Amino acid sequence: MYQLSNLKKAIKKLLSEHDIDENIAFRISSIVDYDFQINNLVKYQSHPNIKQIITSIEKIIKNEKAIEEFEITEKYFINLKINIESFLKIYENIREVIKIHNSNKIILDYGGPNIGKPLHVGHLRSLNIGRSLYNINSLAGNKVQSDIHMGDWGMPIAQIIGYLEKHDLDIEKLSIDDLEEVYPNASKLYKEDDEFKDYSQSINKRLNENDKGLIKKWKKIKIISTESIKKILNLLNHNFDIWMGESDVNGLIPELIQDLDKKGKISIDNGAYVSNFKSEPKILITKSDGSYLYLTTDLATVINRLEKNDFDKTLYVVDKRQKLHFEQLFDSLDYFEFEKREYEHISFGTINDANGNPFKTREGDTKKLSELFEETCHYIKKINPELDEETNNILANTVLTFSDLITNRMTDYKFDLDKFTNISGKTGIYVQYALVRAKKLLKSSSINLNNVNLNISDFDESDINLIRGLIKFEYYFNLALENNEPHHLADYLYELSNLFNSMYQNQNILENKKETIKLNKLMITEYFISYSTLLMECLGLVPVKKM
RNA sequence: GCGCCUGUAGCUUAACUGGAUAGAGCAUCUGACUUCGGAUCAGAGGGUUGGGGGUUCGAAUCCCUCCGGGCGUGCCA
């Protein structure tokens, strides 16, 4: 942590003089009176020089200006309390403080909508997590590019075209609603009817070979679909820097296969190309009819990015059921000797239905995001019928985002509209309310806070609690950044909002007879507004002006 | 079959990646209030972290085993 980096270095150096190599880590103290704790020493309870080490550490901490109080327990837990002056310095430069030293160029691959199918509940987490990681990384100083990675190729498309042909449906007259009806039917037929299955597969193969007639049909479908996807993404406040799709890299595949074959990296097995990389199960590169698979396309996508995008790292925000696929992809990138880059699968748990079964992504009978959005808007409108449309929309997005991001991404959770739209408790509505309330307070006070100084001796418990909450910003930000886990920040935002509401409710601020107390509280309110806004930015939430 | 994940309060879940007395929200009960926005605040009860064993200063977390749930697994993405 920036705010204690000198202390960290000093302790590490001291320990190394005793031949102890420890990476000093700060945690949130589990003792209420303290802010942070260091636990590295606990394991050296029986070290011969422990007493001497502790004495030296005490001296080091006493010299650290940011520390107001500290204690070292019998078991050598070190508890630290940060002083408020030091917080103020961090506060003023918080956007600099959270920047990392060596910034990275990152491609964030998320969203992954499929053409021919509406965005549905199954896309929600990838979109929410992806957007949040985009914002968090950008704030940390990384150069981030998002790529929506459209599912615009492969069997689903072949099935749709096959179905349209079989039923003599005119693609030129097709509407998005028609199209969305076709896919579930086509998918069903594919599973039940062998003849249709063979037919679809032949279409897939011909598409891979760039059959002109089919490409024309495919293009039309893609245009209709993309238009509809952009509309809903816009409504949900999602933007992407790169709109590449699986189809865009199709042309790179023949050369890739040829190349790998020549290098002896792949060989034919039952008509299909299989990687020679030792693994169980074996990694299938192409189908036995020569057509391409998910993995083939993903490999080609990497080739394309290596050529066209400057990046150090790619994050794939895709659900955890695809773990094996990404292991195979990453193993292959290595084995096939692609230029070295860092790759990571940011996996997340499935959203289950009321019965605890995962939402099916290919059956077409899941709730569309557009419907979910409408329902959420409607629910919020019921709470406050006075809301204008813009505010209503922002609140609906807040609910759909916050409820999703509050859960650890690896956890499977039940999709529950009541939970998503619950107005009381740990919700997006709550954090928006606290911020609106804080802003209104400052406005009503009509006081210019520019040259106001805090009067620390006049602080009451609720003031101190909020400030001590704010001190932890950097800690939670780093936690979220390093682990690609936005939920730490969502939880922290709730905690701060709760602390603010506590202070607000504790006593009437504007009518306080003592001017210094009033100014203290208004200043603290300003700190809260600033951090809350920053946290919302991290999470992809837009603050409302009123509600 | 093999591989991976998972089980925490009535419900939904957190736990800083092995740290101290397992934290929250919902629901339930109690209190504050003609409010600077009550879409609020304060408080209470509720836990053998699925069971058993092990590793060590210390285990929800690591290992073994049993029980329950899920996912993946060569021609979907």
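Chain letters run A, B, ... following the sequence lines, proteins first, then strands; residues in each count from 1. Computed from a predicted model, the values in this text were never measured in an experiment.
For rU34(B), the O4'-C1' to base torsion is more than 90° from 0; the nucleotide is therefore anti.
Comment: Asp404(A) engages Arg125(A) in a salt bridge, judged by a side-chain N to carboxylate O separation of less than 4.0 angstrom.
Taking atom P on both nucleotides, rU56(B) is separated from rU61(B) by 16 Å, rounded to a whole Å.
In terms of position along RNA chain B, the nucleotide closest to Glu485(A) lies nearer the 5' end than the nucleotide closest to the other residue of the pair Glu485(A) and Lys197(A). Each of Asn39(A) and Ile380(A) was assigned the nucleotide of RNA chain B with the nearest heavy atom; the assignment lying further toward the 5' end belongs to Asn39(A).
Ring pair Tyr44(A)/His47(A) is perpendicular by interplanar angle, where above 60° counts as perpendicular and below 30° as parallel. Between Tyr343(A) and Phe330(A), the ring-plane angle classifies as parallel under the 30° and 60° cut-offs. Taking the six-membered ring where tryptophan is involved, the planes of Tyr494(A) and Tyr430(A) are tilted, since the angle between them lies from 30° to 60°. Using the six-membered ring where Trp is involved, Phe26(A) and Phe36(A) have ring planes that are perpendicular, over 60° apart on the 30 and 60° scheme.
For His487(A), taking side-chain heavy atoms from C-beta onward, the closest of the listed nucleotides rG37(B), rA20(B), rA14(B) is rA14(B). For Gln37(A), whose side chain is taken as the heavy atoms from C-beta onward, the closest listed nucleotide among rA39(B), rA20(B), rC76(B) is rA20(B).
For Lys287(A), a side-chain nitrogen or oxygen approaches OP1 or OP2 of rC76(B) to under 4.0 Å. Contact between the side-chain N/O atoms of Tyr504(A) and the OP1/OP2 oxygens of rG37(B) is found at a separation under 4.0 Å. The side chain of Asn501(A) contributes an N or O atom lying less than 4.0 Å from OP1 or OP2 of rC41(B).
Within residues 506-519 of chain A, the residues having any heavy atom under 4.0 Å from RNA chain B are, by residue number, Gln507(A), Asn508(A), Ile509(A), Leu510(A).
The CZ atom of Arg409(A) sits 11.5 Å away from atom OG of Ser126(A), with the distance rounded to the nearest 0.5 Å.
Nucleic acid contact for Lys320(A): sugar-phosphate only, since backbone atoms but no base atoms lie under 4.0 Å from a heavy atom of the residue. Residue contacts shown for Leu293(A) are limited to sugar-phosphate atoms, with no base heavy atom under 4.0 Å away. Using a 4.0 Å heavy-atom criterion, one finds that Ser288(A) contacts the bases of the nucleic acid, with or without backbone contacts as well. Nucleic acid contact for Tyr292(A): sugar-phosphate only, since backbone atoms but no base atoms lie under 4.0 Å from a heavy atom of the residue.
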